[in-house]
Number of protein chains: 2
Amino acid sequence: MSGYDDISRATVELTAVIITMRDGEPCVLAVDAPDRSALALPSGPLQSGHRTLQAGVRSWVEKQTGQELGYIEQLYTFGDRHGRALAVPHHRTISIAYLALVCAGDDVASDTRPWRRWYAFFPWEDHRSGRPSASGPLLRRLGQWARKSGRLNDPDCRERVGLTFGIGDTPWDEERALERYEMLYEADLVPEAASDRGDEAPTTKSNPAGVPMFSDHRRILATAISRIRAKIKYRPVLFELMPASFTLLQLQKAAEALSGMSLHKQNFRRLIAQQSLVEETGELAIDTGGRPAKLVRFRKEATLEQPTPGVRLKATRRGAYP
Amino acid sequence: MSGYDDISRATVELTAVIITMRDGEPCVLAVDAPDRSALALPSGPLQSGHRTLQAGVRSWVEKQTGQELGYIEQLYTFGDRHGRALAVPHHRTISIAYLALVCAGDDVASDTRPWRRWYAFFPWEDHRSGRPSASGPLLRRLGQWARKSGRLNDPDCRERVGLTFGIGDTPWDEERALERYEMLYEADLVPEAASDRGDEAPTTKSNPAGVPMFSDHRRILATAISRIRAKIKYRPVLFELMPASFTLLQLQKAAEALSGMSLHKQNFRRLIAQQSLVEETGELAIDTGGRPAKLVRFRKEATLEQPTPGVRLKATRRGAYP
DNA sequence: CCCTCTTATGCTCAAGATAAGCATAAGGTC
DNA sequence: GACCTTATGCTTATCTTGAGCATAAGAGGG
């Protein structure tokens, strides 16, 4: 073993991506960054009083936002920013990101916490009504970038763009949210890329590149989105976001909002039914605008029974944009 | 913000689970623990010279074992041991585990590194020829434990055992390797549970509980196994373990060894074929013991093309032990 | 060379799961 | 009552999957 000096002590930053559904939109809890320059995810350093990492996350979030956390899982540990080495070698920060899902609660109006729609940060990820308008300019600029960089070091670059964004005969894969953000970062199409270099970011308002975030927080959020989109298919995490009882359409809308795709209604119901993930409460939802729907609740036992209890979803219009 | 003292500096331990295939068996690289008390995964503290976390892992592994790493991915970050609070608050260690897959290479014989068959650590996980003999005693003792703890705080405990180990009409789910290890730990059936408490572990040799490891390293290995078993189904990671060219049977045997299940031969080939994950080299394998098999190689392009290019596998005898 | 053993490979068939849509039910509004 | 909206049941064509039969092509022994 070499001397003590070689071992770098690190500050451990705990960062939380807290997701909820509000008015049918997936939202993330975003506070002001310490320097007020941008929005940030709630976070704080691991402290001696924290008994576990999770406890630390819960504590910081409660302190900063008043939000109590239920479901929580570890997302990823970041040691550097987009592969760059850290600035000060003997005082590094590693940051451990957690994903938390909280239920909307009944009183959406009285909840004054700073929730933000997640598609404000990722406008190109919302394909519920076809490819969104933000895609156009982004894809055009990605194409330019690919042509330029393509000749040099990455001959498959254009192909990669197409695959990642579902162009040609590649279907759109909603789970690749992180890949897409990283590609946009690489292509210098998100403001964070410029500011990480130390450049002044061109502050184009209402950018197709979406609302930027402090530090690498938007990347962490993209990681969370990819994780959620993958996980709802094989674990019943969707129900963490639902109220105690709900209609199947509400459930479907939530699945659609999270995955950013629209689903076939009847097939969705069949899927839920045959996995017996829910049971009827016996009550009816009023005010659905049409025939009243039966209210259902999540069957907690399902977590145990099923090998992969999740909402296997498939887009109605599967795929393949021209 | 509170005073500086509240922020605990941490030593960051980097731990590597390095997997390869040797003689058709999945193996893990295991060194002697610092105190020689048990086998351990290669690991070392993050140092100031390490530019990134990954670089730190690579560097320690090479120093300790001479093994160079190719494919590498982050596994999990552990801040405590099995949920227990850390001993000394102002000097905590968090440990970041990585998974690396390395290709066997052509000269298995000349590789003197300390590879260990992973089923030596998890004898109950190898279901290639039915439920292994180690299962019997373990299940019996798990049953006893469940009966005892069941009355008190966990009425569903017996059910949970059955689901986790695939008893009754629940099929065996090979991906639940981590859950199973954690259940055995909880039930005090692995030596690590006793030694974490400070007790002397009863050193029964040739235990059905498998070979123990230093600290929580066996838990980390279980995490890796679960991850691999899940991932080979949707990403072409299996090929990281294969030589440049191989036969389909070799590939199948590797998939079987990793997942711990035996697969239907013709269906396995169909699956690989229809995903066009491999292409023929034109050569034939000699010495297969029967009709010579065509040699194939992995099609790297497949990584891009396919939405989920992996070896979707399903056990021949799916399931349901009596 | 024939018989037998081993592995490779092609093909079929029945079940089960999925994608899409038709049709009907049951509320509300004018 | 006509018409709109959402809920829910059911059908059909297609794919996918699990399982197994059958044949091919090598080796070795007689």
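Here is the naming used below: chain letters follow the sequence lines, and residue numbers restart at 1 for every chain.
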Fill in: Nearest-Å distance for atom pair CD/P, residues B/Gln275 and D/dC15
17 Å

Discussion item. Please classify the nucleic acid contact of B/Leu249 as base, sugar-phosphate, or nothing, using heavy-atom distances under 4.0 Å.
Written reply: sugar-phosphate

Worksheet item: Residues two or more places apart in sequence or in another chain: which of them pass side chain to side chain donor-acceptor pair (under 3.5 Å) with A/Trp115?
Response: A/Asp111

Discussion item. Please determine whether a side-chain nitrogen of the Lys or Arg among A/Lys233 and A/Glu174 lies less than 4.0 Å from a carboxylate oxygen of the Asp or Glu.
Written reply: yes

Fill in: Side-chain N or O of B/Lys294 closer than 4.0 Å to phosphate OP1/OP2 of C/dA8
no

Worksheet entry | Separation of atom CD in A/Gln274 from atom P in D/dG9, rounded to whole Å | 14 Å

Fill in: Partner set under side chain to side chain contact (heavy atoms under 4.5 Å, CB included) for B/Glu240, not counting sequence neighbours
B/Tyr71, B/Leu101

Worksheet item: For A/Leu271 and C/dG16, what is the distance between atoms CG and P respectively, to the nearest whole Å?
Response: 17 Å

Worksheet entry | Which residues share a salt bridge (Lys or Arg N to Asp or Glu O under 4.0 Å) with B/Glu280, sequence neighbours left out | B/Lys294

Response to the item:
Here the distance between atom C1' of C/dC11 and atom CG of B/Asn267, to the nearest Å, is 12 Å

Discussion item. Taking the nucleotide of DNA chain D with the nearest heavy atom to each, does A/Ala293 or A/Arg270 sit closer to the 5' end?
Written reply: A/Ala293

Item to complete: State which residues pass ring-ring contact (aromatic ring centres under 6.0 Å, His included) with B/Phe246; sequence neighbours excluded, sorted by chain then number.
Response: none

Worksheet item: Sequence neighbours excluded, which residues qualify as side chain to side chain contact (heavy atoms under 4.5 Å, CB included) partners of A/Arg291?
Response: none

Practice prompt. Summarise protein proximity over nucleotides 23-28 of chain C in one line of letters, 5' to 3': B for base, S for sugar-phosphate only, - for none, counting protein heavy atoms closer than 4.0 Å.
Written response: --BBB-

Worksheet item: What's the CZ-P distance between B/Phe268 and D/dA19, to the nearest Å?
Response: 16 Å

Item to complete: Take atom NE2 of B/His264 and atom P of D/dG20, then tell me their distance rounded to the nearest Å.
Response: 8 Å

Fill in: Whole-Å distance separating the CD atom of A/Gln252 from the C1' atom of D/dA7
11 Å

Worksheet item: Do A/Lys253 and A/Glu256 sit within salt-bridge range, that is, some charged N less than 4.0 Å from a carboxylate O?
Response: yes

Discussion item. I need the CZ-C1' distance between B/Arg269 and D/dA19, as an integer number of Å.
Written reply: 16 Å

